[in-house]
Amino acid sequence: MSDSPNDSLFHQPASYVERLAYGAMFAQAQPLEVEIGCGDGSFLLAYAAHHPERNFLGIERLSGRIGKLDRQGRRAGLKNLSLLRIEAGYFVEYLLVPGSVAVVHLYFPDPWPKKRHHKNRLIQPPFVQELSRALTPGGTVYLRTDNAEYFAQMLEVFGGDTRFQVVETPGELKAVVTDFERHFNAQGIPTNYAAYRLRA
């Protein structure tokens, strides 16, 4: 990746059927953190700025959101941030290099509240299995949601997978609040947090 401040942070992989080449995405090799569904980018921008010693990869389906994040990231001069527009399940299963991700952030995924749509929820056993392959030994998944029913499903799915153990979400991480989260907290809707570490 060039050091020019005008370079887009948006990454176009050489292939969508081969694992990512991280060396083409980041200026230097550092521990990798991934945010799945980075939304408005408020968390990723703040956290990447505070941790220049780590690389951050944000993925998002919606072009408008990722375009805005690209512009903001370039204005902030973030050299440790790369962006990819892609569907989450495919990305985790086919593009992430096995055993390469230190941390996954998954905040406020679509809760698909109607019962008949629950099958569309991202946090399901097959997806968690793919996450376990992508994580480094001891790698961590951090979760947030405002939906209590979906949160119960998250706890059930991760709790039923013996590859993971429950850990605490650090206070430093909780202090980085997304714009979406701030909006709902102001309405009295609390954030539910969970974190799971892949057993080494």
Side-chain angles (χ1 to χ4, degrees), residues 1-18 20-22 24-27 32-52 54-96 101 103-114 117-124 127 130-131 134 141-147 150 154 173 175-187 189 191-192:
M1 181 178 286
S2 166
D3 288 337
S4 169
N6 296 317
D7 280 343
S8 174
L9 302 178
F10 180 76
H11 180 69
Q12 188 77 34
S15 169
Y16 282 93
V17 294
E18 297 178 6
L20 292 171
Y22 298 136
M25 305 173 73
F26 298 103
L32 176 64
E33 302 198 13
V34 173
E35 185 177 15
I36 296 174
C38 48
D40 64 12
S42 52
F43 167 80
L44 197 55
L45 287 167
Y47 207 60
H50 282 115
H51 292 283
R54 305 176 198 171
N55 288 331
F56 292 87
L57 173 56
I59 74 155
E60 175 59 54
R61 268 189 321 107
L62 301 177
S63 59
R65 287 179 176 179
I66 210 162
K68 179 182 177 183
L69 180 51
D70 178 29
R71 293 189 297 273
Q72 292 176 324
R74 281 185 284 126
R75 280 200 297 268
L78 297 176
K79 306 297 184 186
N80 61 335
L81 175 62
S82 189
L83 306 170
L84 195 61
R85 184 185 175 207
I86 197 167
E87 189 274 328
Y90 185 91
F91 165 77
V92 172
E93 184 171 359
Y94 295 108
L95 295 192
L96 284 177
V101 180
V103 175
V104 170
H105 303 274
L106 214 172
Y107 301 149
F108 305 97
D110 191 333
W112 293 96
K114 294 182 180 179
H117 294 154
H118 285 186
K119 63 182 183 296
N120 296 324
R121 287 176 172 174
L122 189 59
I123 307 299
Q124 309 273 3
F127 179 74
E130 294 302 333
L131 280 182
V141 180
Y142 293 108
L143 305 167
R144 298 184 195 181
T145 181
D146 61 307
N147 186 286
Y150 193 11
M154 293 177 178
L173 199 54
V176 184
V177 181
T178 72
D179 287 348
F180 177 91
E181 185 175 4
R182 188 175 292 107
H183 172 73
F184 279 91
N185 289 169
Q187 298 179 45
I189 302 171
T191 299
N192 298 291

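By convention here, the first residue in the shown sequence is residue 1.
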* Asked: Is there a donor-acceptor contact under 3.5 Å linking the side chains of Asp70 and Ser8?
  -> yes
* Phe26 vs Leu57 side-chain heavy atoms within contact, under 4.5 Å -> yes
* Around atom NZ of Lys114, are there more than 12 heavy atoms of other residues, nucleotides or ligands at under 6.0 Å? -> no
* Asked: Do you know which of Leu9, Leu83, Val34, Leu44 makes side-chain contact (heavy atoms from CB on, under 4.5 Å) with Phe56?
  -> Leu44
* Step through the shown structure and confirm whether more than 12 heavy atoms of other residues, nucleotides or ligands are within 6.0 Å of CZ on Phe184. => yes
* **Distance (rounded to the nearest 0.5 Å) between Ile36 CD1 and Leu122 CG** => 6.5 Å
* To do: Start with the C-alpha gap between Tyr47 and His105, add the side-chain angles, then the distance that decides, and say whether ring pair (Phe, Tyr, Trp, His ring centres under 6.0 Å) holds.
  => CA-CA 11 Å; Tyr47 207 60; His105 303 274; 5.7 Å; yes
* To do: Could you verify whether a donor N or O on one side chain and an acceptor N or O on the other, from Asp40 and Ser42, lie under 3.5 Å apart?
  => yes
* **Salt-bridge present (Glu181, Arg144; N to O < 4.0 Å)** => yes
* To do: Using only heavy-atom distances, determine whether the side chains of Asn185 and Thr191 contain a donor-acceptor pair under 3.5 Å.
  => yes
* So do Leu131 and Leu96 actually touch side chain to side chain, heavy atoms under 4.5 Å? -> no
* To do: Fit a plane to each ring of His117 and Trp112, take the angle between them on a 0 to 90° scale, and name the class: parallel (under 30°), tilted (30 to 60°) or perpendicular (over 60°).
  => perpendicular
* Asked: How long is the gap from CG on Asp110 to CZ on Arg61, to the nearest 0.5 Å?
  -> 8.0 Å
